[in-house]
Asker: 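Got a structure for you, written out below as structure tokens; questions coming shortly.
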There are 2 protein chains.
Amino acid sequence: MPKPSKRDQLVGAAKELLWEVGFEAMSPRSIQERSAARPGSLYHHFPSKLAIAQEALQEASQEEILRLNDIFAADIPPLDALRHYLLLKRNAFQGCRLGRLVHEASIEQEALRLPVMAYFEAVRAHISRSLDQAKSEGTLNADLDPKTLAVSLTALIQGGYVLARTFQDEALMQQAAEGALALITEASRTR
Amino acid sequence: MPKPSKRDQLVGAAKELLWEVGFEAMSPRSIQERSAARPGSLYHHFPSKLAIAQEALQEASQEEILRLNDIFAADIPPLDALRHYLLLKRNAFQGCRLGRLVHEASIEQEALRLPVMAYFEAVRAHISRSLDQAKSEGTLNADLDPKTLAVSLTALIQGGYVLARTFQDEALMQQAAEGALALITEASRTR
DNA sequence: GTCTATAGAAGGATAGAC
DNA sequence: GTCTATCCTTCTATAGAC
């Protein structure tokens, strides 16, 4: 592995900071300090704070989508993958790497919004496909609509982060997921 | 109605701004401009931006809790109230008046966190009680745990805001709620 | 209570040397 | 490509007159 360029260090610092404090609270100064760089370096490689944030967020989104692809790999029974995904141990205090940015005013800028959309769309698509498969296998009630349910479950996780942060209690994320799983299990018995 | 004091105008402006832009993006200047006040007035009535935000947020939380009390009034069939609550028309772009603050770093301060906790706790309690009643009436499957399910549904709405804002599509909030209602309906048939 | 004027720090970015 | 030095604006608040 070659030594990281200053540019890479800057983007790495931005990725960390976006997760830790969000976009608006991430000052150019804080990026510079964390990557041992100076204003000249940052503004040589990027025209603005928005530009470096965009690149950092695109990378973060891509990384998280690759993780999803592993969790929902083709050889895993669909409801097992879904159960595993919902019950994943998450850093609930810090919040979702992508979702935590959504309530900032700056999210109206496409540079920030598109990477977040790409991530949520990947989550929704994986869950939807899992539920579809479960239906064809007969392990899920035929009355349920996988597309709608996938939106609900994608929302559920994001809401879990909100509750866990509010009450400073990671267990709420687990509890939210368990409630949804119980419903799916119950509903599947009605076939 | 007597004319509002400058103090009331300041708090009113803060309530609006907390909803529109959040705590960190709400500058003392923006509060002053919206209430046609000057720095001297703000800092005469409140020691800091945090202090006025606390009062504004306590009022907002209380107002929303009163709305909940109407929605979940005792004379409404519990599952009807729940269905009505979940399908409420919400301003999904702006986000939840309380929940939109949760991802800011400042939420670690109790002055901001406690009013948000109070609101979510009220939501959770209303839903939990509704589900409990439905169980005793025999309209909800006895296998389901109202407390756990209430956490899931509280999370669901917050996640709905996140998705709606991300995709700039209010319909996602409705879809998330419909998915959850479909599950509850299905699960209730297994009695 | 409300005003005007101002302070000290941080934010976001630029200029120009090396 | 990275550095030092600096610029203008905004943020949060304070001082003191009315």
Side-chain angles (χ1 to χ4, degrees), chain A residues 1-57 59 100-101 103-113, chain B residues 1-57 100-101 103-112:
Chain A
M1 203 127 122
K3 82 172 205 297
S5 70
K6 206 96 250 183
R7 187 180 197 283
D8 293 342
Q9 288 178 271
L10 283 160
V11 173
K15 279 159 77 173
E16 291 177 11
L17 286 163
L18 283 174
W19 198 353
E20 290 170 23
V21 305
F23 174 73
E24 282 157 24
M26 173 183 77
S27 70
R29 280 225 223 307
S30 65
I31 302 174
Q32 292 153 24
E33 278 163 16
R34 191 167 293 212
S35 54
R38 300 286 162 181
S41 295
L42 173 53
Y43 288 98
H44 170 75
H45 292 293
F46 302 95
S48 67
K49 168 180 151 177
L50 180 62
I52 187 173
Q54 176 176 27
E55 179 156 330
L57 209 55
E59 286 190 16
R100 68 153 295 151
L101 302 170
H103 283 300
E104 300 197 25
S106 322
I107 200 68
E108 289 188 14
Q109 312 211 240
E110 289 212 336
L112 301 181
R113 210 163 52 80
Chain B
M1 201 128 117
K3 82 170 205 295
S5 69
K6 207 98 249 185
R7 188 181 196 283
D8 293 343
Q9 288 179 271
L10 283 160
V11 173
K15 279 159 78 171
E16 290 177 12
L17 286 163
L18 283 174
W19 199 353
E20 290 171 22
V21 305
F23 174 73
E24 282 156 25
M26 174 184 77
S27 70
R29 280 239 237 291
S30 64
I31 302 174
Q32 293 154 23
E33 280 163 15
R34 190 167 294 209
S35 54
R38 300 287 164 183
S41 296
L42 206 180
Y43 288 98
H44 169 74
H45 293 293
F46 302 95
S48 67
K49 168 180 152 178
L50 180 63
I52 186 172
Q54 176 176 27
E55 179 155 333
L57 210 54
R100 70 152 295 149
L101 301 171
H103 284 299
E104 300 198 27
S106 321
I107 200 68
E108 290 188 14
Q109 311 211 240
E110 289 212 337
L112 301 182

Asker: If we only count heavy atoms from C-beta on, is the A:Leu112 to A:Leu101 side-chain gap below 4.5 Å?
Answerer: no
Asker: Quick check for you: among D:dT12, C:dT2, D:dC3, whose closest atom lies nearest to any side-chain atom of B:Ser41?
Answerer: C:dT2
Asker: How would you summarise protein contacts on nucleotides 13-18 of chain C per nucleotide, using B for base, S for sugar-phosphate only and - for none, with heavy-atom distances below 4.0 Å?
Answerer: BB----
Asker: Please give me the minimum heavy-atom distance between A:Leu17 and A:Ser30, naming the atom from each residue.
Answerer: CD1-OG, 3.6 Å
Asker: When you measure from the side chain of A:Lys6 to the backbone N and O of A:Arg38, does any donor-acceptor pair fall under 3.5 Å?
Answerer: no
Asker: A:Leu17 CG to C:dG12 P: how many Å, rounded?
Answerer: 12 Å
Asker: Side chain of B:Ser27: nearest nucleotide among C:dC3, D:dC3, D:dC11?
Answerer: D:dC11
Asker: From D:dC3, D:dC11, C:dG1, pick the nucleotide closest to the side chain of B:His44?
Answerer: C:dG1
Asker: To the nearest angstrom, how far is B:Leu42 atom CG from D:dA13 atom P?
Answerer: 9 Å
Asker: Below the 4.0 Å mark, does C:dT2 have OP1 or OP2 next to a side-chain nitrogen or oxygen of B:Arg38?
Answerer: no
Asker: Send over the distance from B:Gln9 CD to C:dT2 P, rounded to a whole Å.
Answerer: 8 Å
Asker: Can you find a pair of side-chain heavy atoms, one from B:Phe46 and one from B:Val11, that are under 4.5 Å apart?
Answerer: yes
Asker: To the nearest Å, give me how far apart NE2 (B:His45) and C1' (D:dA13) are.
Answerer: 16 Å
Asker: When you compare the side chain of A:Glu24 with that of B:Glu24, does any pair of heavy atoms fall below 4.5 Å?
Answerer: no
Asker: Find the distance A:Glu24:CD to D:dC11:P and express it as a whole number of Å.
Answerer: 12 Å
Asker: Please enumerate all residues that pass side-chain hydrogen bond (donor to acceptor under 3.5 Å, both in side chains) together with A:Arg7, with sequence neighbours excluded.
Answerer: A:Glu55
